[in-house]
Amino acid sequence: MADRHRVVVIGGGNAGLSVAGRLRREGVSDIVVVEPREHHRYQPLFSHVAGGTARAGQAIRPQASVMPTGVGWIHDRVVDVLPESNRVLLGSGRELGYDHLVVCPGIQQDWQSVPGLVDAMASPWGASNYEFELASKASPLLRDLRQGTVVFTQPAGPASCAGAAQKPMYLACSYWQATGVLADIRVILVLPDAAMFGMPLIDQELERKVAEYGIDVMRESQLIEVDAVNRTAVIGRIDDRTRETVPYDVLHAVPPQSAPDWLKATALPAAGDSAGFVEVDPETLRHTRFPNVWALGDAAATTNSKSGGALRTQTLVLAKNLSAVLKGKQPAQAYDGYSVCPFTVSRSTVVFAEFDDQYHPKPTIPFWKSLARERRLTWVFDRHILPWVYWNLILKGRA
């Protein structure tokens with residue numbers, strides 16, 4: 001006999017805890033979160049950890065300490081969802097029944113999809129700001145470099161806050177510039193698109209920093225293969241078969257990403273959708289075929305750019321809509337496609353990109369349109385204020 005709960009939330013990250021906290025504030029009871037990890041990690045700080053502007057310990061806390069009040073935690077992993085019978089299957093063999101299901105397990109890092117990349121990350125010269133341990137490794141690796149070639153990669157396809165791949169690069173360049181060694185280091189950015197980001201104002205700011213630091217940008221390209229022993233990376237053009245083998249001293253890589261494998265195998269993605277993200281109405285965040293299933297964050301097939309910043313609006317919309325349905329009403333809230341990506345372009349300034357699902361500017365403060373330009377103020381917000389807000393308000397469903 002499966003344990004049954006009013007609301008089961010899959011994933012105890014930013015999305016899962018934030019929406020669970022908001023649901024409790026809406027008066028919903030009997031909520032459980034399924035999360036296998038024992039520690040909660042604040043991923044936006046990983047870039048600062050990798051770039052040497054934050055300590056690793058500031059980005060991690062015990063999972064039990066961040067659970068919203070009144071929300072249960074099931075320390076297990078999901079292996080399958082059977083929406084036709086309202087059941088969730090767990091790795092321990094346990095089954096959970098639900099009245100409503102919220103799916104937000106995050107996105108999967110597909111390291112193995114690039115030949116040699118796993119070995120490269122295990123070598124002394126590989127790092128990444130997309131994994132906690134690799135971000136900690138990146139900091140001394142970049143700090144201690146005095147000459148040579150450093151390759152930073154940004155993956156093609158869906159990715160969680162794809163622009164975050166650039167952040168440690170700017171932080172490292174700023175440090176090398178200040179210590180007088182930047183001229184002896186070749187910095188290469190492998191970029192899947194022609195533009196640095198896709199918004200004219202943001203592109204203008206980033207191109208200016210690229211020119212200032214002397215970064216070589218290999219546009220419309222991707223990492224094809226890595227030889228960890230000889231420290232070479234094969235970079236390929238996306239639109240043709242052109243390949244270039246680049247020797248490196250340090251490889252800072254961000255892997256291709258996709259929906260978790262177990263999620264791809266369920267009935268929750270749209271038929272024929274190989275990406276495997278949960279099929280939802282992009283405004284209400286309700287599943288289009290299973291009305292008691294909801295999804296948000298990186299695992300949802302919404303039209304916005306995937307980012308933690310998008311959750312500020314998504315969690316509010318989903319909590320209010322699910323609460324309304326529980327009261328016998330129709331969902332009335334609509335997600336507007338908002339997302340945000342703060343680019344740390346030096347060790348004291350940030351370019352703050354706020355945009356909708358068409359990459360049109362969508363500033364939180366409409367009359368302050370120049371907030372997107374490089375500023376010290378947005379650095380203070382990104383590095384100091386937002387982490388406090390995250391740990392103390394966001395995870396409790398209060399912001």
Side-chain angles (χ1 to χ4, degrees), residues 5-35 40-44 61 63 66-73 98-107 160-161 268 277-287 292-327 329 331-342 354-357 362 364 385-399:
H5 299 275
R6 199 173 193 195
V7 178
V8 172
V9 179
I10 299 176
N14 183 348
L17 297 194
S18 300
V19 77
R22 286 194 185 275
L23 285 168
R24 282 296 296 131
R25 292 178 62 78
E26 290 287 329
V28 179
S29 59
D30 191 19
I31 305 168
V32 296
V33 173
V34 183
E35 170 56 54
H40 184 97
R41 295 168 177 181
Y42 177 46
Q43 188 145 356
R61 292 189 182 180
Q63 185 71 23
V66 298
M67 294 297 300
T69 301
V71 173
W73 173 28
Y98 59 82
D99 294 336
H100 284 266
L101 178 68
V102 180
V103 185
C104 45
I107 204 165
S160 179
C161 197
L268 298 180
F277 298 108
V278 181
E279 181 185 12
V280 293
D281 180 306
E283 293 186 347
T284 65
L285 305 177
R286 192 181 197 180
H287 202 283
N292 65 337
V293 175
W294 310 74
L296 73 162
D298 293 344
T302 48
T303 56
N304 64 286
S305 175
K306 297 181 183 299
S307 77
L311 295 174
R312 180 170 64 86
T313 306
Q314 287 185 358
T315 55
L316 178 63
V317 167
L318 194 155
K320 287 191 173 297
N321 283 342
L322 197 161
S323 178
V325 170
L326 287 172
K327 296 172 184 175
K329 302 176 182 179
Q333 300 294 315
Y335 171 55
D336 60 6
Y338 173 87
S339 193
V340 60
C341 184
E354 294 182 286
F355 50 100
D356 63 16
D357 55 0
K362 196 173 182 61
T364 300
I385 297 176
L386 192 54
W388 185 92
V389 172
Y390 181 81
W391 294 118
N392 295 281
L393 299 177
I394 290 176
L395 294 184
K396 299 184 188 319
R398 295 177 179 270

Peer 1: How far apart are the C-alpha atoms of Val7 and Leu322, what are their side-chain angles, what is the distance that settles it, and do they pass the side chain to side chain contact (heavy atoms under 4.5 Å, CB included) test?
Peer 2: CA-CA 10 Å; Val7 178; Leu322 197 161; 4.2 Å; yes

Peer 1: Yes or no on side chain to side chain contact (heavy atoms under 4.5 Å, CB included) for Arg6 and His100, after CA distance, side-chain angles and deciding distance?
Peer 2: CA-CA 6 Å; Arg6 199 173 193 195; His100 284 266; over 6 Å; no

Peer 1: As a test of understanding, state which of Val280, Val325, Asp281, Val317 forms a side chain to side chain contact (heavy atoms under 4.5 Å, CB included) with Trp294.
Peer 2: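 In the set Val280, Val325, Asp281, Val317, the residue that makes a side chain to side chain contact (heavy atoms under 4.5 Å, CB included) with Trp294 is Val325.
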
Peer 1: Taking the side chain as everything from C-beta on, heavy atoms only, tell me whether Tyr98 gets closer than 4.5 Å to Val32.
Peer 2: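 Counting from C-beta outward, Tyr98 and Val32 never come under 4.5 Å.
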
Peer 1: Give the C-alpha distance, both sets of side-chain angles, the deciding distance and a yes or no for side chain to side chain contact (heavy atoms under 4.5 Å, CB included) between Ser307 and Ser339.
Peer 2: CA-CA 6 Å; Ser307 77; Ser339 193; 2.6 Å; yes

Peer 1: If every non-hydrogen atom of Ala310 is compared with every non-hydrogen atom of Tyr335, which pair is closest and at what distance?
Peer 2: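 Closest approach of Ala310 to Tyr335: CB-OH, 3.5 Å.
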
Peer 1: For Trp73, does its backbone N or O pair with a side-chain atom of Glu35 as donor and acceptor, under 3.5 Å?
Peer 2: no

Peer 1: Can you classify the ring geometry of His40 versus Trp391 as parallel (below 30°), tilted (30 to 60°) or perpendicular (above 60°)?
Peer 2: perpendicular

Peer 1: Which atom pairs, donor and acceptor, lie under 3.5 Å between side-chain atoms of residues 15-29 and protein residues at least two apart or in another chain?
Peer 2:
from, atom 1, to, atom 2, distance (Å)
Ser18, OG, Asn14, O, 2.6
Ser18, OG, Asn14, OD1, 3.0
Ser18, OG, Ile394, O, 3.3
Arg22, NE, Thr315, OG1, 2.9
Arg22, NH2, Ala399, O, 2.8
Arg24, NH1, Val28, O, 2.8
Glu26, OE2, Lys320, NZ, 3.0

Peer 1: A side-chain contact here means heavy atoms from C-beta on lying under 4.5 Å apart; do Asp356 and Asp336 qualify?
Peer 2: no

Peer 1: Rounded at 0.5 Å granularity, tell me how far CD in Gln43 sits from OG in Ser160.
Peer 2: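 Those atoms lie 5.5 Å apart.
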
Peer 1: Please test Thr302 against Phe277 for side chain to side chain contact (heavy atoms under 4.5 Å, CB included), starting from the C-alpha separation and ending with a verdict.
Peer 2: CA-CA 9 Å; Thr302 48; Phe277 298 108; over 6 Å; no

Peer 1: If you look at every heavy atom in Val33 and Gly12, which pair is closest and at what distance?
Peer 2: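 The pair with the smallest heavy-atom distance is CG1-CA, 3.6 Å.
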
Peer 1: Compute whether any side-chain donor of one residue and acceptor of the other, for His5 and Asp30, lie under 3.5 angstrom apart.
Peer 2: yes

Peer 1: Return the minimal non-hydrogen interatomic distance between Leu285 and Gln314, and the atom names on each side.
Peer 2: CD1-O, 3.5 Å

Peer 1: Are the side chains of Thr69 and Lys396 in contact, using a 4.5 Å heavy-atom criterion?
Peer 2: no

Peer 1: Grab the two heavy atoms, one from Gly106 and one from Ala299, that are nearest each other, plus how far apart they are.
Peer 2: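 Shortest heavy-atom contact: O-CB, 3.6 Å.
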
Peer 1: Under a 3.5 Å distance rule, please check whether Lys306 uses its side chain to pair with a backbone N or O of Ala300 as donor and acceptor.
Peer 2: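 Checked: pair present.
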
Peer 1: Output the distance between atom CD1 (Ile10) and atom CG (Leu268), rounded to the nearest 0.5 Å.
Peer 2: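 Spacing of CD1 (Ile10) from CG (Leu268) equals 7.5 Å.
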
Peer 1: Treating Asn321 as the side-chain partner and Gln333 as the backbone partner, does any N or O pair qualify as donor plus acceptor under 3.5 Å?
Peer 2: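 It does hold such a pair.
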
Peer 1: Examine distances only and state if a side-chain atom of Thr284 and a backbone atom of Pro331 form a donor-acceptor pair shorter than 3.5 Å.
Peer 2: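 Answer holds: no.
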
Peer 1: Would you name the heavy atoms of Gly309 and Val340 that are closest together and state the gap between them?
Peer 2: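 Looks like CA-CG1, 3.3 Å.
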
Peer 1: Taking the side chain as every heavy atom from C-beta outward, state whether Tyr390 and Leu395 have any atom pair closer than 4.5 Å.
Peer 2: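 Result yes, sub-4.5 Å side-chain heavy-atom pair found.
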
Peer 1: Show the nearest heavy-atom pair for residues Gly297 and Leu311, with the distance to one decimal.
Peer 2: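 Distance-wise, the nearest heavy atoms are CA-CD2, 3.5 Å.
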
